[in-house]
Trainee: 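One structure, as structure tokens, below. Some questions next.
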Amino acid sequence: MSSVVNIAAYKFVSLEALPELRARLLAEAGAAGLKGTILLAEEGINLFLAGAVDGIDTFLRGLRGDARFADLEVKFSHSAQVPFRKLLVKIKREIIRMNHPAIRPEAGRAPGVDAKTLARWLEQGTDDSGRPVVMLDTRNAFEVDEGTFRDAIDWRIDRFTQFPAAVQAHRAELEGKTVVSFCTGGIRCEKAAIYMNEAGIDNVYQLDGGILKYFEETGGPGFDGKCFVFDERISLDPALAPSKD
């Protein structure tokens, strides 16, 4: 029986007094018996935590009691063991590093496509306007090697900071198509899709909730392999079962 609850969540929202917020969240997550990582930056929060269901519920209830995180969307999965060795709460320059400070998702995100709509588009091969759909993997090459959407574009980047240059080098292959950018949980797609829109590439969407939400809501049609995750589970299959369980 998989008794451990794993959560992943992020939100782009302006945050101040980061040291005080760090201390509070470290205390609350610790008191709830959770392990994992919380990243804080002036642009928002990104977290990966695991623990007993009661601890997860208590922590999320407290977190959402803060108006800035009241609408935080969370992705859930389960495992037999906690896939983290300790609890870390870190202050960073960005919660997902792109080195393009003008890209601020809080000011307005690119259009999104939900999991069930994407599954339908992939089955029919076009979007609802009849344009061919291409999937663009914004993750690092070693993550893609674990699994990706069938026939997805993969520019073999080693880190997300290389994504803008890759867009400029390969933009011709995106023209005339509906481009759906995707990543593990959605956070990289937020910045990737905005960057492509601002670069003048039309018909760009981000997969809402990333691969994990796609697995959760559809079972993963059109995805080959498993989704790499940055913890001791290594990867999750379309049923959200860990490869190490």
Trainee: So, Arg64 side chain and Leu72 main chain: donor-acceptor pair closer than 3.5 Å or not?
Mentor: yes
Trainee: Please identify each residue that fulfils ring-ring contact (aromatic ring centres under 6.0 Å, His included) with Tyr195, with sequence neighbours left out.
Mentor: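 Per chain and number, Tyr195 pairs via ring-ring contact (aromatic ring centres under 6.0 Å, His included) with His100.
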Trainee: Do the side-chain N and O atoms of Arg131 and Asn203 include a donor-acceptor pair separated by under 3.5 angstrom?
Mentor: yes
Trainee: By side chain to side chain donor-acceptor pair (under 3.5 Å), which residues pair with Tyr205, not counting sequence neighbours?
Mentor: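 By the side chain to side chain donor-acceptor pair (under 3.5 Å) rule, Tyr205 matches no residue at all.
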Trainee: Kindly say whether Arg188 contributes a backbone atom to a donor-acceptor pair with the side chain of Thr138 at under 3.5 angstrom?
Mentor: no
Trainee: Answer yes if Phe182 and Val229 sit in the same cluster of Ile, Leu, Val, Met, Phe, Trp and Tyr residues linked by side chain heavy atoms under 4.5 Å apart, and no otherwise.
Mentor: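 Phe182 clusters together with Val229.
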Trainee: For Ile96 and Glu43, work out which heavy atoms get closest and say how close.
Mentor: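 Shortest heavy-atom separation between Ile96 and Glu43 comes out as N-OE2, 3.7 Å.
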Trainee: What do the steps show when you test Arg156 against Val144 for side-chain contact (heavy atoms from CB on, under 4.5 Å), and what is the final call?
Mentor: CA-CA 8 Å; Arg156 309 307 293 169; Val144 180; 4.1 Å; yes
Trainee: Is the shortest distance from a Lys or Arg side-chain nitrogen in Lys177 or Asp127 to a carboxylate oxygen in the other one below 4.0 Å?
Mentor: no
Trainee: Could you list the residues that satisfy salt bridge (Lys or Arg N to Asp or Glu O under 4.0 Å) with Asp114, not counting sequence neighbours?
Mentor: none
Trainee: Under 4.0 Å between a Lys/Arg side-chain N and an Asp/Glu carboxylate O for Lys213 and Glu216?
Mentor: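 Glu216 and Lys213: salt-bridged.
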Trainee: I need the full list of salt bridge (Lys or Arg N to Asp or Glu O under 4.0 Å) pairs touching residues 4-28, with sequence neighbours left out, sorted by first then second residue.
Mentor: Lys11-Asp71, Arg24-Glu28, Arg24-Asp66
Trainee: Would you tell me whether Tyr10 and Glu73 have side-chain atoms, one donor and one acceptor, within less than 3.5 Å of each other?
Mentor: no
Trainee: Applying salt bridge (Lys or Arg N to Asp or Glu O under 4.0 Å), name anything that partners Lys75, two or more places apart in sequence or on another chain.
Mentor: none
Trainee: Would you give the length of the straight line joining atom CG of Leu18 to atom CG of Leu40, rounded to the nearest 0.5 angstrom?
Mentor: 6.0 Å
Trainee: Taking only distance into account, with no hydrogens and no angle test, what donor-acceptor pairs under 3.5 Å do side-chain atoms of residues 217-228 form with protein atoms, sequence neighbours excluded?
Mentor:
| from | atom 1 | to | atom 2 | distance (Å) |
| --- | --- | --- | --- | --- |
| Thr218 | OG1 | Tyr214 | O | 2.6 |
| Thr218 | OG1 | Gly220 | N | 3.1 |
| Asp224 | OD1 | Arg150 | NE | 3.3 |
| Asp224 | OD1 | Arg150 | NH2 | 2.8 |
| Asp224 | OD2 | Arg150 | NE | 3.0 |

Trainee: Where the side chain of Glu146 meets the backbone of Phe142, is there a donor-acceptor pair that is under 3.5 Å apart?
Mentor: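 No, Glu146 side chain to Phe142 backbone: no donor-acceptor pair under 3.5 Å.
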Trainee: Test Arg139 against Asp154 for side-chain contact (heavy atoms from CB on, under 4.5 Å), laying out the working first.
Mentor: CA-CA 8 Å; Arg139 300 174 300 157; Asp154 167 26; over 6 Å; no
Trainee: Say you draw a straight line from NZ of Lys191 to SG of Cys183; how long is it, rounded to the nearest 0.5 Å?
Mentor: 12.0 Å
Trainee: Got a sec, which residues hit side chain to side chain donor-acceptor pair (under 3.5 Å) with Asp151, two or more places apart in sequence or on another chain?
Mentor: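 Applying side chain to side chain donor-acceptor pair (under 3.5 Å) to Asp151 gives none.
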Trainee: Hey, are the side chains of Glu232 and Arg85 touching, using non-hydrogen atoms and a 4.5 Å cut-off?
Mentor: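 Heavy-atom side-chain distance check passes, below 4.5 Å.
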Trainee: So, does Gln206 use its side chain to make a donor-acceptor pair with the main chain of Pro111 at under 3.5 Å?
Mentor: no
Trainee: Any side-chain donor paired with an acceptor under 3.5 Å for Ser77 and Arg233?
Mentor: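 Ser77 vs Arg233: donor-acceptor pair found between side chains.
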Trainee: Looking only at heavy atoms, what is the nearest atom pair of Met98 and Pro164, with distance?
Mentor: CE-CG, 3.8 Å
Trainee: If Ile, Leu, Val, Met, Phe, Trp and Tyr residues are connected whenever their side-chain heavy atoms lie under 4.5 Å apart, and connections chain through other members, are Ile91 and Val13 in the same group?
Mentor: yes
Trainee: Is Val179 linked to Val113 within one hydrophobic cluster, defined over Ile, Leu, Val, Met, Phe, Trp and Tyr using a side-chain heavy-atom separation of less than 4.5 Å?
Mentor: no
Trainee: Residues two or more places apart in sequence or in another chain: which of them pass side chain to side chain donor-acceptor pair (under 3.5 Å) with Glu173?
Mentor: Trp155, His170
Trainee: Please tell me whether Leu122 and Leu174 are part of a single hydrophobic cluster in this structure, the criterion being side-chain heavy atoms less than 4.5 Å apart.
Mentor: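 In one cluster with Leu122: Leu174, no.
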Trainee: So, taking the atom named CG in Leu136 and the one named SG in Cys189, what distance separates them when rounded to the nearest 0.5 Å?
Mentor: 8.5 Å
Trainee: According to side chain to side chain donor-acceptor pair (under 3.5 Å), who are the partners of Thr148, at least two apart in sequence or on a separate chain?
Mentor: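 Listed in chain order: Asp137.
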Trainee: Output all residues satisfying salt bridge (Lys or Arg N to Asp or Glu O under 4.0 Å) with Arg61, sequence neighbours left out; order by chain, then residue number.
Mentor: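 In terms of salt bridge (Lys or Arg N to Asp or Glu O under 4.0 Å), with neighbours along the sequence ignored, Arg61 is linked to no residue.
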Trainee: Roughly how far apart are Asn197 CG and Ile201 CD1, rounded to 0.5 Å?
Mentor: 8.5 Å
Trainee: Using 0.5 Å steps for rounding, measure from the CG atom of Leu236 to the NE2 atom of His78.
Mentor: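 One finds 12.0 Å between CG of Leu236 and NE2 of His78.
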Trainee: Roughly how far apart are Leu240 CG and Ser79 OG, rounded to 0.5 Å?
Mentor: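 If we round to the nearest 0.5 Å, Leu240:CG and Ser79:OG are 11.5 Å apart.
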Trainee: Does the Lys90 side chain pair with the main chain of Ile38, one donor and one acceptor, at a distance under 3.5 Å?
Mentor: no
Trainee: Do Leu60 and Leu212 share a hydrophobic cluster, counting only Ile, Leu, Val, Met, Phe, Trp and Tyr and linking them when any side-chain heavy atoms are less than 4.5 Å apart?
Mentor: no
Trainee: Show your reasoning for whether side-chain contact (heavy atoms from CB on, under 4.5 Å) applies to Val180 and Val134.
Mentor: CA-CA 6 Å; Val180 179; Val134 294; over 6 Å; no
Trainee: Enumerate donor-acceptor pairs with a distance under 3.5 Å from any side-chain N or O in residues 44-57 to protein atoms, sequence neighbours excluded.
Mentor:
none

Trainee: Indicate the atoms forming the closest heavy-atom contact of Glu190 with Phe12, along with that distance.
Mentor: CB-CE1, 3.6 Å
Trainee: Would you please name every residue forming a salt bridge (Lys or Arg N to Asp or Glu O under 4.0 Å) with Arg93, sequence neighbours left out?
Mentor: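 Not a single residue meets the salt bridge (Lys or Arg N to Asp or Glu O under 4.0 Å) criterion with Arg93.
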Trainee: Can any side-chain N or O of Gln124 pair as donor or acceptor with the backbone N or O of Thr126 at less than 3.5 Å?
Mentor: yes
